[in-house]
Amino acid sequence: MTQILIKNANIVSMDQNRSVYVEGSILIENDKIIEIGKYDDLQPLINSNVIVEDAKGNWVLPGLINTHVHTSQQLARGIADDVDLLVWLRDRIWPYESNLSEEDSYVSSLLCGIEQIRSGVTCFVEAGGQHVNGMGRAVKELGIRAALVKSTMDTGIGLPKIWQKNTQEEIDAQIENFENWHNKENDRIRCWFGLRTIFNNSDELIIKTKELADKYEVGIHMHVAEIRDEIEFSKNTRGAATVTHLNNLGVLGDNFLAAHCVWMTNKEIEIFQKNNVKVTHNPAAAMKVLGFAEIPQMLEQGICVSIGTDGAPCNNRMSLIDEMWLTSLIHKGRKLNSKIMPAETVLEMVTINAAKCALWDKEIGSLEKGKKADLIIIDPKSATMLPMHDPIANLVSSMRTQNVNSVMCDGNWVMKEGVIKTIDEDLIIKESIRRSKDIIDRADIRIPSRFNFKSF
């Protein structure tokens, strides 16, 4: 049995008691944690071939979980700044995404994975793209954990011709993806069922998707109540606002992960609470164009809320660490209440809450005996993070990506002391630069110049 002992660590376990082990140790065997505590207490469990890692007083956390990310959009960073959502979608993102090949999606997902790993993410929930095979290949090589989703659309104005599919075609594609990828790579890769938005999903597709997700016991990921125009569209075409209509269709439940959720009424928040719907809050993307979601109210009413980065074109910083900091601030400012969204709540949103949103909480989200060995080592010894008078506050408000020293997923190091071990990072960056230019040229996307650039 392969064992790894991490000792001399300050361990934020995120277990039910929120235990923090000062100068503690973690013993890992294969892909699981077999004990946490004092080194002396762990010694009887340690075999002769154990690999000892000295954390040197650094902090160990559960691997962070990003619950809303478009991996296929990584090569589109910067193509859609300072535009409204429908221009962003129809004039920039759809032309970009509809010109992606599976190989483009694969490279984009690798580049996105690099940024996720470097920001301490060991698991993500895909928000939807077209080439699940490309995503899956990337996740397999990166060595992290993911719930993959196809962005399904069977209706809507302005859809590129290549995406104009009927309901059954989209259902069949999702089943094929599920059969190809669910529970692969020692259960590191799962496959969910996706719905893009009410703009692009017929009621038939929504209902059949819920039936499939229930049948296969996986999640549904959908963009919900993003913008005011969406609410008006839903009222005009379905007779009720998005959340109310989804509730009327009977598709809301504990396997439904709703992204953004900005334009919701108090009654609709109650609908989410009664149906145990999960929410992924994407603060940077929301601040760009969507607005303020009532996240403090949702948490107060017992809704499970996590945090996601969204995609690179709507959040140029794909760091969950940055999203933690932003989440801790924006709701305080909006409510003029410094006590809401405390640091411990935000840390829960990217660990144990996120694991519940990902339907993975029995295996990940906290560091406990019997759970998967998904963890990160944080080195706080930097001018930006010291001193550590309140460690939990520092981990939320002061931590930067450069403080992430090492990342382990499924008992394997995917990054060790700042070096990504699973793929060739430099090669992926070079290939990403080349492919991104080719995609923009194929899609004929024109980005207005902000300055007078001159070549010499």
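Counting begins at 1 with the first residue of the sequence.
- Of the possible polar contacts, none joining the Q3 side chain to the E29 backbone as a donor-acceptor pair under 3.5 Å is found.
- Counting only N and O atoms by type, the side chains of N315 and N282 include no donor and acceptor under 3.5 Å apart.
- Annotation: side chain of L320 is not in contact with side chain of F124 (no heavy-atom distance under 4.5 Å).
- In this model, no donor atom of one side chain and acceptor atom of the other lie less than 3.5 Å apart for S72 and S108.
- Heavy atoms only, all atoms of each residue included: W325 and S397 are closest at CD1-O, 3.4 Å.
- Atoms CE and CD1, on M264 and I271 in that order, are 7.5 Å from each other to the nearest 0.5 Å.
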M324 and L64: CA distance, side-chain angles, deciding distance, side-chain contact (heavy atoms from CB on, under 4.5 Å) verdict: CA-CA 11 Å; M324 292 166 62; L64 306 185; 4.2 Å; yes

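- Within the 3.5 Å criterion, the main-chain N or O of V305 finds a donor-acceptor partner in the side chain of N353.
- Between W413 and I4 there is a side-chain heavy-atom pair separated by less than 4.5 Å.
- Between E115 and R118 there is no salt bridge, since none of the side-chain N atoms of the basic residue sits less than 4.0 Å from a carboxylate O of the acidic one.
- With hydrogens and angles ignored, the 3.5 Å screen pairs a side-chain donor or acceptor of S406 with a backbone N or O of E417.
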Evaluation steps, side-chain hydrogen bond (donor to acceptor under 3.5 Å, both in side chains), between S151 and R196: CA-CA 5 Å; S151 180; R196 189 71 176 227; 2.8 Å; yes

H131 vs Y106, side-chain contact (heavy atoms from CB on, under 4.5 Å): CA-CA, chis, key distance, verdict: CA-CA 8 Å; H131 299 285; Y106 163 70; over 6 Å; no

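- More than 12 heavy atoms of other shown residues, nucleotides or ligands fall within 6.0 angstrom of atom NZ in K332.
- Between H223 and H68, the angle of the ring planes goes over 60°, which puts this pair in the perpendicular group of the 30/60° scheme.
- For the residue pair N200 and T197, a side-chain donor N or O sits within less than 3.5 Å of a side-chain acceptor on the partner.
- When the shell of 6.0 Å around CZ of R228 is examined, it contains 12 or fewer heavy atoms from other residues, nucleotides or ligands.
- Expressed to the nearest 0.5 Å, how far CG of L395 lies from CH2 of W59 amounts to 6.5 Å.
- Considering only heavy atoms from C-beta on, I378 comes within 4.5 Å of M385 through its side chain.
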Pair Q301-E270, side-chain contact (heavy atoms from CB on, under 4.5 Å): steps then yes or no: CA-CA 8 Å; Q301 292 184 213; E270 290 180 7; 3.9 Å; yes

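- Within a 6.0 Å radius of NZ in K140, other residues, nucleotides and ligands contribute 12 heavy atoms or fewer.
- Side chain of E97 to backbone of Q73: no donor-acceptor contact under 3.5 angstrom is found.
- Separating the NE2 atom in H70 from the CG atom in D310 is a distance of 4.5 Å, to the nearest 0.5 Å.
- Side chain of E268 to main chain of T244: a donor-acceptor pair is present (N/O by atom type, distance under 3.5 Å, no hydrogens or angles).
- Within a 6.0 Å sphere centred on CH2 of W94, heavy atoms belonging to other residues, nucleotides or ligands number more than 12.
- The ring pair (Phe, Tyr, Trp, His ring centres under 6.0 Å) contacts involving residues 328-351 comprise H281-H331, where partners must be two or more places apart or lie in separate chains.
- Applying the side-chain hydrogen bond (donor to acceptor under 3.5 Å, both in side chains) criterion to D81, with sequence neighbours excluded, gives K288, N316.
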Trace of the side-chain contact (heavy atoms from CB on, under 4.5 Å) decision for C261 with F272: CA-CA 10 Å; C261 305; F272 268 20; 3.7 Å; yes

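- Side-chain contact between N66 and T280: absent, with no pair of heavy atoms (C-beta onward) separated by less than 4.5 Å.
- Atom NZ of K416 has more than 12 neighbouring heavy atoms from other residues, nucleotides or ligands inside a 6.0 Å radius.
- In terms of modelled atom types and a separation under 3.5 Å, the side chain of T67 and the main chain of I307 share a donor-acceptor contact.
- No side-chain heavy atom of V262 sits less than 4.5 Å from a side-chain heavy atom of I227.
- Note that the CD1 atom of I144 and the CG atom of N412 stand 13.0 Å from one another [nearest 0.5 Å].
- Across all their heavy atoms, I189 and G136 have their closest contact at CD1-O, 3.8 Å.
- Evaluation of the ring pair (Phe, Tyr, Trp, His ring centres under 6.0 Å) test over residues 343-402, restricted to residues two or more places apart or in two chains, returns none.
- No donor-acceptor pair closer than 3.5 Å links the side chain of E226 to the backbone N or O of L290.
- Q130 places a side-chain heavy atom less than 4.5 Å from the side chain of M153.
- The side chain to side chain contact (heavy atoms under 4.5 Å, CB included) test with N255 is passed by exactly one of N276, V218, V277, D214: D214.
- Shown here for C191 and H182, the closest heavy-atom pair between the two residues is N-ND1, 3.1 Å.
- Listed here is the closest heavy atom pair of S319 and T309: C-CG2, 3.8 Å.
- Using modelled atom types, no side-chain atom of N8 and backbone atom of K56 make a donor-acceptor pair closer than 3.5 Å.
- With respect to the salt-bridge test (charged N to carboxylate O, under 4.0 angstrom), the residues K372 and D410 qualify.
- Nearest approach of L299 to M341, heavy atoms of both residues: CD1-SD, 3.7 Å.
- In the displayed structure, K38 atom NZ is contacted under 6.0 Å by at most 12 heavy atoms of other residues, nucleotides or ligands.
- For the atom pair NZ (K210) and CG (L246), the distance works out to 11.0 Å, reported to the nearest 0.5 Å.
- Contact annotation: the side chain of K371 never approaches that of K32 to less than 4.5 Å [non-hydrogen atoms, C-beta and beyond].
- Remark: side-chain polar atoms of R92 are paired, donor with acceptor, to backbone N or O of I79 under 3.5 angstrom.
- Taking CD1 from I28 and CD1 from I6, the interatomic distance works out to 4.0 Å, rounded to the nearest 0.5 Å.
- In this structure the side chain of E368 never reaches within 4.5 angstrom of the side chain of I36, judged on heavy atoms.
- Contact record, S432 with V107: OG-CG1, 3.5 Å, taken as the closest heavy-atom pair.
- Heavy-atom neighbours of R137 CZ from other residues, nucleotides or ligands within 6.0 Å: above the threshold of 12.
- Salt bridge E294/K335: present, at least one basic N to carboxylate O contact under 4.0 Å.
- A donor-acceptor pair is defined here as one N or O able to donate and one able to accept, closer than 3.5 Å; no such pair exists between the side chain of N186 and the backbone of R188.
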